[in-house]
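Computed over heavy atoms, backbone and side chain alike; hydrogens, waters and symmetry mates excluded.
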Amino acid sequence: MFSIGEFAQYGRVSARMLRHYDAIGLLRPARTDPVSGYRYYEAAQLARLNRIIALKDLGFSLQQVGAILAEEVSVPELRGMLRLRRAELEASLAAAGARLAQVETRLRTIESEGRMSADDVVVKRTGAVLLAELSGIAASYGPEDIGPVIQPLYGELCRRLETAGVTPAGPGLAYYEDAPETPEARTPAAETPEARTPEARAPAPETPGAKTPAAKTPAAKAAEEHGPTWAREAVVVHAGIVITEEALAKAGATTDSTSGRPGTTSATPTPTGLGFDIVTLPALDCAATVVHHGPMSRILPTVQNLAHWIDANGYRSAGYARELYLECPPDQEKWVTEIQEPVVRA
């Protein structure tokens, strides 16, 4: 027989916890002195105590632990409980990983402020491209709002292109614009439930701050001054992939308009009858570009250094930056993304 103190020591719990287990009927002492009230435990009871602790560590409540030990829970039910707990733990790990990435990004931003080489930024003209696209509304231009919107859009766009038999002719390219005041302005292709599913096959771009031709927008100023504290204005997110006219014609696109075709001046997305829109994204006559290596969760230092370079070299932003996804292998550390920010001379 062990006293409650000795049993608690062997079981690595407190005597107070053992008294609580006794009170709720989870672990009764082998004997209780009728005069002193002292509790005594047998060595064989350590096995039950160990199982209680193990089930608690799995996240089960004491009520659930009692039911399991009393065999009131069937094996299939226990299996389901464990699977649910596993899913909860995986979600917690993912959330903790995302927070850790944010902390690392903030540290990298602080450590790399103002140290970007001028050789890293190239000012150039980009060509017009024909895109297949889906679009949606993000609550703000911040990465925490862009990511959940653009990931399912790319996943659904890839699925629809495959279904239509349209083979991409180039990388993904995302662009943005101010959202209308009414939520109904979202394109029809993005309104389907599938377009909001989480199965994404493209990166979750965390985009740089944007600026208007006359001055920096609140988003850009917030990006430079406060990092992830972005402005809350809604934006239209366009998730596009480069395609060709030939592939579109072969798939039997039924567009009645030429507004999305090469050679036209309009950049208005046009339905194709294949479940996605097409648009000819105009060239950028002058864009400050920089290549970001690694996951988009670490894009902030690259974006802020680009903003510093633009300001230091006599330019100002002329609109939202585009994101050209050059390489997106399964290993995010090998992602290569070109940020293309339109600029004009200040």
Side-chain angles (χ1 to χ4, degrees), residues 105 108-109 112 115-135 138 141-143 146-147 149-151 153-154 157-158 168-177 200-211 219-220 223-224 235-244 267 279-313 315-344:
T105 297
R108 291 172 185 270
T109 301
S112 65
R115 292 189 295 162
M116 186 176 194
S117 170
D119 294 336
D120 293 332
V121 178
V122 176
V123 177
K124 64 182 181 181
R125 184 182 190 278
T126 68
V129 289
L130 178 64
L131 299 178
E133 71 163 53
L134 293 178
S135 60
Y141 194 36
I146 294 293
V149 174
I150 202 167
Q151 289 187 60
L153 286 175
Y154 266 115
L157 178 59
C158 289
L173 195 159
Y175 66 102
Y176 306 87
E177 61 181 337
R201 293 195 289 271
E206 294 191 5
T207 54
K211 308 169 191 176
E224 290 187 27
V235 295
V236 180
V237 179
H238 296 272
I241 294 179
V242 177
I243 60 172
T244 64
V279 64
T280 297
L281 196 62
L284 295 176
D285 292 330
C286 186
T289 66
V290 65
V291 175
H292 171 72
H293 296 271
M296 299 304 286
S297 60
R298 296 206 301 263
I299 193 70
L300 187 58
T302 304
V303 168
Q304 291 191 347
N305 282 323
L306 177 60
H308 286 307
W309 186 95
I310 291 172
D311 182 66
N313 286 270
Y315 290 93
R316 59 180 173 83
S317 179
Y320 287 98
R322 299 174 182 178
E323 294 150 7
L324 182 65
Y325 308 119
L326 299 173
E327 296 180 16
C328 298
D331 184 359
Q332 296 185 15
E333 293 297 329
K334 297 180 180 179
W335 284 0
V336 180
T337 306
E338 184 179 73
I339 309 300
Q340 304 173 343
E341 183 153 359
V343 293
V344 295

Exam field: side chain Trp335 to backbone Pro329, donor-acceptor pair closer than 3.5 Å: yes
Any donor-acceptor N/O pair, Tyr154 side chain to Gly240 backbone, under 3.5 Å: yes
Quick one: pull up [atom1] in [X] and [atom2] in [Y] and give me the separation to the nearest 0.5 Å.
| X | Y | atom1 | atom2 | value |
| --- | --- | --- | --- | --- |
| Glu341 | Ile310 | CD | CD1 | 4.0 Å |
| Thr289 | Arg322 | OG1 | CZ | 12.5 Å |
| His238 | Ile150 | NE2 | CD1 | 10.5 Å |
| Thr126 | Leu281 | OG1 | CG | 7.5 Å |
| Thr337 | Glu327 | OG1 | CD | 9.5 Å |
| Leu157 | Leu131 | CG | CG | 9.5 Å |

Student check: side-chain heavy atoms of Arg125 and Cys286 closer than 4.5 Å: no
side-chain contact (heavy atoms from CB on, under 4.5 Å) assessment of Tyr315 paired with Val121: CA-CA 12 Å; Tyr315 290 93; Val121 178; over 6 Å; no
Determine the minimum heavy-atom distance between [X] and [Y], stating which atoms define it.
| X | Y | result |
| --- | --- | --- |
| Ile243 | Pro168 | CG2-CA, 4.5 Å |
| Pro342 | Leu284 | CB-CD2, 4.0 Å |
| Val129 | Leu173 | CG2-CD1, 4.3 Å |
| Thr244 | Leu130 | C-CD2, 3.9 Å |
| Val344 | Ala318 | CG1-CB, 4.1 Å |
| Ile146 | Val235 | CD1-CG2, 3.8 Å |

Full working for side-chain contact (heavy atoms from CB on, under 4.5 Å) between Tyr176 and Val237: CA-CA 5 Å; Tyr176 306 87; Val237 179; 3.8 Å; yes
Stepwise side-chain contact (heavy atoms from CB on, under 4.5 Å) check, Val123 with Trp309: CA-CA 11 Å; Val123 177; Trp309 186 95; 3.5 Å; yes
Geometric class of the Tyr320/Tyr141 ring pair [parallel <30°, tilted 30-60°, perpendicular >60°]: perpendicular
